[in-house]
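Order of the sequence lines fixes the chain letters, A, B, ..., with proteins taken first and strands second; residue numbering starts at 1 for each chain.
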2 protein chains.
Amino acid sequence: MSGRIDQIFAALADPTRRAILAMLLEDDMAVTDVAEPLPISLAGVSKHLGVLAAAGLISRERRGRVIWCKLEPDALREVSVWLQAFGQVEPVELDAFERFLAAELEAAREALAEAEAEVQAGDATDAPP
Amino acid sequence: MSGRIDQIFAALADPTRRAILAMLLEDDMAVTDVAEPLPISLAGVSKHLGVLAAAGLISRERRGRVIWCKLEPDALREVSVWLQAFGQVEPVELDAFERFLAAELEAAREALAEAEAEVQAGDATDAPP
DNA sequence: TCCGTTCAAAACCAAAAGGTTGCGCACGCG
DNA sequence: CGCGTGCGCAACCTTTTGGTTTTGAACGGA
């Protein structure tokens, strides 16, 4: 076992999962609400949440019928520690914060929507703008 | 495409590849020298190096017959930026540096050696120098 | 000039990952 | 009480990944 860092990096390697983390950064969410903007099935989202939870990146708590997902930032600190071992991780200007956040979410949505369209495309115009 | 961050995280998700990065942190190395301590074939290592290079985490330069591998820390800065978007990445005490580095390398070696031993099971005639 | 070293690419294979559908199990609202 | 809602689990399919062995190309030294 190489510890949990394996699972953490593997979890972060998927754009859908990173998009989920970005959503949870804004606020805690129910599973259904997490799944709503994503172009995959609810069960698929549930699997992603399982991966994220196994990596310690989120936690899930049942309240009534609804399961609330919460970002668990401590796991990300492990990545931070790992990064530090490789030297220059000087903080970037905080402007990057919002820019990145929006970009990440929108990119994920666009990419997945594209993939979705591609499947249904058949012979549609192969040249997107 | 969600940019190169996908490839970076995917590349970092493998312990063998992280061990390679840790080696290259100490110094630039030839492919053969990278492969030497690892319990997989040279071709396997070459593939891992290909993944790391595709992610921008290392660069390879041919000098004579030998290809020298060099850590490319700029790619890791992308991870750092991503991490920053998720808040608390306050620097950890630098003591963690050496501890982690040794642990990472040794853990990777042990885990892989274990797997190797598991495959060969009862055959103990293996006497590495 | 020929040979050994150094490495990547190709052709495979087993296993894991990402996705789907369908089922079942709790819950709380009528 | 019963039914719809919210969610996880299991079975299945396809693609990717990590590994192997084999082949062969580029380069230097003798």
Side-chain angles (χ1 to χ4, degrees), chain A residues 1-2 6-20 24 28-36 38-55 58-70 108 111-120, chain B residues 1-2 6-21 24 28-36 38-55 58-70 108-109 111-120:
Chain A
M1 316 168 250
S2 304
D6 272 57
Q7 294 175 259
I8 294 177
F9 274 127
L12 294 178
D14 187 281
T16 300
R17 286 195 287 262
R18 288 201 309 278
I20 291 174
L24 292 179
D28 297 2
M29 293 176 81
V31 176
T32 307
D33 295 333
V34 170
E36 189 264 335
L38 299 172
I40 62 177
S41 71
L42 177 68
V45 173
S46 184
K47 264 171 103 171
H48 281 304
L49 292 173
V51 173
L52 289 170
I58 68 168
S59 61
R60 288 180 288 185
E61 184 197 355
R62 155 158 252 144
R63 220 139 58 203
R65 261 188 312 200
V66 177
I67 293 184
W68 291 90
C69 304
K70 178 164 159 291
L112 290 168
E114 250 179 50
E116 199 185 29
E118 219 174 76
V119 168
Q120 302 183 345
Chain B
M1 321 167 236
S2 305
D6 272 56
Q7 293 174 262
I8 294 177
F9 274 127
L12 294 178
D14 187 280
T16 300
R17 286 194 288 261
R18 287 201 311 276
I20 292 175
L21 291 180
L24 292 179
D28 297 1
M29 294 175 81
V31 176
T32 307
D33 295 332
V34 170
E36 189 265 335
L38 299 172
I40 63 176
S41 70
L42 177 68
V45 173
S46 184
K47 265 171 100 170
H48 279 303
L49 292 173
V51 172
L52 289 170
I58 69 168
S59 61
R60 286 180 288 184
E61 183 197 356
R62 156 158 252 145
R63 216 137 63 199
R65 266 185 309 202
V66 176
I67 293 184
W68 290 90
C69 304
K70 177 165 159 289
R109 285 204 206 179
L112 291 167
E114 250 179 50
E116 197 186 30
E118 221 172 74
V119 168
Q120 303 185 344

- Message: Tell me the interatomic distance from A:L52, atom CG, to C:dG18, atom C1', rounded to whole angstroms.
- Response: 13 Å
- Query: What is the distance, rounded to the nearest whole Å, between atom CD of A:E61 and atom C1' of D:dG6?
  - Reply: 16 Å
- Query: Which nucleotide, C:dA8, D:dG19, C:dG19, lies nearest any side-chain atom of B:I67?
  - Reply: C:dA8
- Short side-chain N/O contact from A:S46 to OP1 or OP2 of D:dG8, under 4.0 Å: yes
- Where the side chain of B:R60 meets the backbone of B:R62, is there a donor-acceptor pair that is under 3.5 Å apart? no
- Message: Among D:dC27, C:dT20, D:dG6, which nucleotide has an atom closest to any side-chain atom of A:K47?
- Response: C:dT20
- Message: Rounded to the nearest 0.5 Å, what separates atom CZ in B:R17 from atom CG in B:L12?
- Response: 8.5 Å
- Name the closest nucleotide to the A:T16 side chain, picking from C:dA8, D:dG28, C:dG19. C:dG19
- Query: Which whole-number value in Å describes the distance from B:R63 CZ to D:dG28 P?
  - Reply: 13 Å
- Task: For A:R65 and D:dG6, give me the distance from atom CZ to atom C1', rounded to whole Å.
- Result: 7 Å
- For A:G64, report the nucleic acid contact type (base, sugar-phosphate, nothing); a contact means any heavy atom under 4.0 Å. sugar-phosphate
- Item | d(CG, A:L49; P, C:dG18) in whole Å | 13 Å
- Quick one: pull up SG in B:C69 and CG in B:L24 and give me the separation to the nearest 0.5 Å. 6.0 Å
- Closest to the A:I40 side chain, choosing from C:dG19, D:dT5, D:dC27: C:dG19
- Message: If you assign B:W68 and A:L42 each to the DNA chain C nucleotide with the nearest heavy atom, which residue ends up on the more 5' nucleotide?
- Response: B:W68
- Where each residue is assigned the nucleotide of DNA chain C containing its nearest heavy atom, which of A:H48 and A:R62 is assigned the position nearer the 5′ end? A:H48
- Query: Contact class for A:R60 (heavy atom, under 4.0 Å): base, sugar-phosphate, or nothing?
  - Reply: sugar-phosphate
- Query: Going from CG on B:D33 to CG on B:L38, what distance comes out if it is rounded to the nearest 0.5 angstrom?
  - Reply: 11.5 Å
- Item | Between D:dT17 (P) and A:D14 (CG): distance, integer Å | 11 Å
- Distance (rounded to the nearest 0.5 Å) between A:K47 NZ and A:I40 CD1: 10.0 Å
- Note on the structure: When rounded to whole Å, the CE to C1' distance for the pair A:M29 and D:dG6 reads 15 Å
- Which comes earlier along DNA chain D counting from the 5' end, the contact point of B:A43 or that of B:V51, where each point is its nearest nucleotide? B:V51
- Message: Whether B:R17 contacts D:dG18 is assessed here as follows: a side-chain N or O lying under 4.0 Å from the phosphate OP1 or OP2. Is that the case?
- Response: yes
- Message: With a 4.0 Å cutoff (strictly under), does any side-chain N or O of B:S41 reach OP1 or OP2 of D:dT20?
- Response: yes
- Atom-pair distance (CG on A:L38; C1' on C:dG19), nearest Å: 13 Å
